[in-house]
Amino acid sequence: MSKERNVRTLDEYMRYDVREKVKSIVESFPSEDRLRSTKVEKALRSWTMGEVVNNNEEVEGYLLDVRYDGRLNRAVAFIVREDGRMARWIDRTDHRPYFLTSATPEDLQRLGLSSEDSERILQMDIVSKFHSIRREKVRLTKIIVNDPLAVRRLRSILGDKGFKFWEADIRYHHNYIFDNLLVPGMRYRAGKRMERVGWDIDPTFLSSVMSITAGESKEYSDMAKELAFLFEQRPPRVKRAAIDVEVYTPEAGKVPDPAKAPYPVVSIALADNEGRVKVLALYREKVKLGGEIPKEVTEVEIFDSERAMLLELMRELERYPVVLTFNGDAFDLPYLYNRMLSLGIEDLYIPIEVHEDMITFRHSLHVDLHKFFSIKALQVYAFGGSYRELRLDSVAEVLLGVGKVKLDEIVSRVSLSKLIEYNARDAMITRDLTTFSNDLVWNLIIMVMRISKLGLEDVTRHQVSAWIRGLMNWEHRRRGWLIPSREELSAGEARSRAMIKDKRYRGAIVLNPPTGLFFNVAVLDYASLYPSIVKNWNLSYETIENPRCGERKKIPEVGYEVCTDIRGITSEIVGLLREFRVKIYKKRAKDSSLPEEQRRWYDTVQSALKVYINASYGVFGNEAFPFYSLPVAESVTAIGRTVLTDTLRVASERSLYIIYGDTDSIFVWDPKKEDLEFLVKYVADMYGLELELDKKFKVVLFGGLKKNYIGVTEKGEVVIKGMVGKKSSTPEFIKNEFKKVVQVLGELEDPESAYRVLEKIRERLLEMYKKVKNRGYTLDELAIRVMLSKDPEKYKKTTPQHVKAARMLQAEGINVTRGNIISYVKTKDSVGVKPVSLAKLSEVDVSKYVEHMRTTFEQMLESFGLEWEEITGQRSLDKILGSHE
DNA sequence: AAATTCGCGTCAGATT
DNA sequence: AATCTGACGCGAA
């Protein structure tokens, strides 16, 4: 199939250059000031602004974000319409930035503000808010100002004079969302104001939701009702394009500085979620055209002018409400922006907005997937820790199972067709990261937007604490509660001592496991223990150590007092999210009577909830979190310890033999069913917690080390925890052999079978020995892969091996930064390490690898009560080692 | 801008 | 030269 190749010269291109058209319109107005007028706005909208909804028009669609527009000095809602276009609805309610203060209007008068500062104040109102800690209504002055920056200025003036202020550090566009109780990701009709549309719910479903709130407060059931809508409304399918930019570089491995944008952009690929893949490429005389272009690439345009190419890209992007990149904040977008500036394109005509920590488009939203996939809570709870390195090809390989197109030469010298193929592939992969498994990632983002009340651009750029903060702030506003200031939250000294130095408070208990093989082991755990504790013990910043409490009870071990007369807000929020997940959506995700598509959505709902729930304890122990409360965090772990200890006590009274336990789990050796049932009932009655049977192991191997065991389930499935043989940094050949040996463990049936299994293991290990000795493994298999947690030059105290290797790479001119995984091998020279890419097999220090093998397998052999030498045979070991010493 | 603590193995570098 | 301690990375929960 021959590809239609559209080669266009600059002259031809300029005939429909929208930029020129826009320019002429702008020039017809007398002064720059007039640019703010509606007429010019309208004229510019298709190019520099995107579509703006007229004052008398209504727009309906999904709210994806809210932004403060500095030129309009108003909040702007980004609403994606049915036809797939992004509409920008400018606030018509005259909402303005503000903050709250203890200073009265008279106080302000007396202060004698400068005329400039006075002008910044539009209005002062006396407002009444509920103070959650003081448990009473308070009257405060609401200072309404003309500009978000004025909040910062006035707050510092008032602060200097000793007045208190609240809610002054909430970003304006967030205030807009919270005050209007908007839910990003949901459907709205925007006319005079934003109205909810299509928030429908099945009445029988709603009543089943309400049943989980039985016996709870009014606030609790109100929240439940609100949330149910968010989980039930199907996610919008939004048109989006991924782009990827290729830049000429004179040297391989050197990424040009986007702030300077010194070299030409040679190719840009765009891949949308409707199958369109377009590449815009620059014609260069010295570059071969090359051969065929893959079928997936639907359009190619070759330009002889870089400027025209970039402008055409901007025009193309205007059709998309959402643009995806991988690393666009740090590279692609600033490069495009600065490159266009240096090519003489005026700022006004570049529809890119540069912000402090992000960069986006004037008329559409930008999702930088590099930022999104670096959200740690997602890595762990949504993607199971599957990818380690935050590079496009690493993430894509794990999640999509595809690799990059291999280039034999650097981008600058490869043939044009090859460059197009390579470029297109990256854009497609970027797009696919949001579309795979039926839009899994996109739907997850939408769900998190709805729970957190943050827009698309915030949700995809901030860690889980920002998500939880958003939800907390929104709920405070909904209730008419004052958002407390940091000083009002009780911090104080920790009352428990951590086990590890440099930690602030004590965490969980880990029992010391025995050594040996244990047949028939039941593993029980408390269903989401920490969130349940937060709920059952009414833990919240305003219910702990609050002198205004009516009734109270003491928290064990740490002795904090918690209110029992009024429900705490965090306790209610965390409790509710947990109930939704456990009682409704986990079940519905597996309900085979529901259509497939619906089940998948419910699975996304429950996994979004999971991320929230699992992070909801940790954030309270994080000082940067606005609702940071050491007593809350400390109480959670203290209660956890007490519950576990007490469960152990009751278990031993029933003659249950507990061999191990960690935080929220207990391993019971050969239990009687009725004893387990007793224990479960005890925990439910005593603490209101659900102790559940998590797994049944045919056999568990313990080597006497905490967080370290191998379990074989009844199906012969092997569960490995903490062992060196499983760690990502362990050389591949050891991991592979370890996997094989562990498979043999699956054959363990009873104590007698252990001998047969051991014999097999011994054979495997000996074989492996010989192979290492003969250098039978490749360099890649021998590589130790460790991540640089900081830039190489930032290691001051010691120089770990992977840093040594990293510096050797730097010396070769290879760019190495924080987050890179360094592959190195151990060598016989005085340094002892070398990056894989620079090493030869003959340089490898075999004895070091033998040691590595020894520790790996000793962790396992320990449980058999055996030493390494015993299983491998002392004599043969000596022979093998001897030949290398 | 950032969820927490507990625990293991490896190595660097200092101390004896 | 042997031993101890802390930094570091990775994992469990």
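Per chain, numbering begins at 1; letters A, B, ... match sequence-line order. On a predicted model such as this, the values are computed, not experimentally measured, just so you know.
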Would you confirm whether [X], through its side chain, and [Y], through its main-chain N or O, come within 3.5 Å as a donor-acceptor pair?
X	Y	answer
A:R495	A:V558	yes
A:D694	A:D525	no
A:E690	A:A527	no
A:N614	A:K610	yes

* Once each nucleotide of nucleotides 2-8 of chain B is scored for protein heavy atoms under 4.0 Å, what B/S/- sequence comes out, 5' to 3'? -> BBBBBBB
* **Close approaches to DNA chain C from residues 817-825 of chain A, in residue order (heavy atom, under 4.0 Å)** =>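 Nothing qualifies; none.
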* Asked: Partners of A:R450 by side-chain hydrogen bond (donor to acceptor under 3.5 Å, both in side chains), sequence neighbours excluded?
  ->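 Counting only residues at least two positions away or on another chain, A:R450 forms no side-chain hydrogen bond (donor to acceptor under 3.5 Å, both in side chains).
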* Asked: Of A:T663 and A:R388, whose nearest nucleotide on DNA chain C comes first from the 5' end?
  ->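 Looking at DNA chain C, the more 5' nearest nucleotide goes with A:R388.
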* Are A:K790 and A:Y795 in a cation-pi contact, defined as NZ or CZ under 6.0 Å from the six-membered ring centre and within 45° of the axis? ->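 Yes, cation above the ring, under 6.0 Å and within 45°.
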* Asked: How would you list, by chain and number, every residue that makes a salt bridge (charged side-chain N to carboxylate O under 4.0 Å, His left out) with A:E167, sequence neighbours excluded?
  ->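 Counting only residues at least two positions away or on another chain, A:E167 forms a salt bridge (charged side-chain N to carboxylate O under 4.0 Å, His left out) with A:R477.
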* To do: Report yes if at least one side-chain N or O of A:K848 is closer than 4.0 Å to OP1 or OP2 of B:dT10; otherwise report no.
  =>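 For A:K848, the contact criterion (side-chain N or O under 4.0 Å from OP1 or OP2 of B:dT10) is not met.
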* To do: Mind jotting down which residue pairs meet the salt bridge (Lys or Arg N to Asp or Glu O under 4.0 Å) criterion with at least one end in residues 618-642 of chain A? Sequence neighbours excluded, please.
  =>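 Of all non-adjacent pairs touching residues 618-642 of chain A, those that pass salt bridge (Lys or Arg N to Asp or Glu O under 4.0 Å) are A:R504-A:E623, A:E557-A:R641.
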* Give the first and the last nucleotide of DNA chain C, reading 5' to 3', that has any atom under 4.0 Å from a heavy atom of chain A. =>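 Boundary nucleotides touching chain A, in 5' to 3' order, are C:dA7 to C:dA13.
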* Asked: Can you check side-chain hydrogen bond (donor to acceptor under 3.5 Å, both in side chains) on A:S728 and A:R388, steps first, answer last?
  -> CA-CA 9 Å; A:S728 56; A:R388 266 178 89 204; 3.2 Å; yes
* Rounded distance (nearest 0.5 Å) linking atom OH of A:Y68 with atom NE2 of A:H173 ->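 Answer rounded to 0.5 Å: 12.5 Å.
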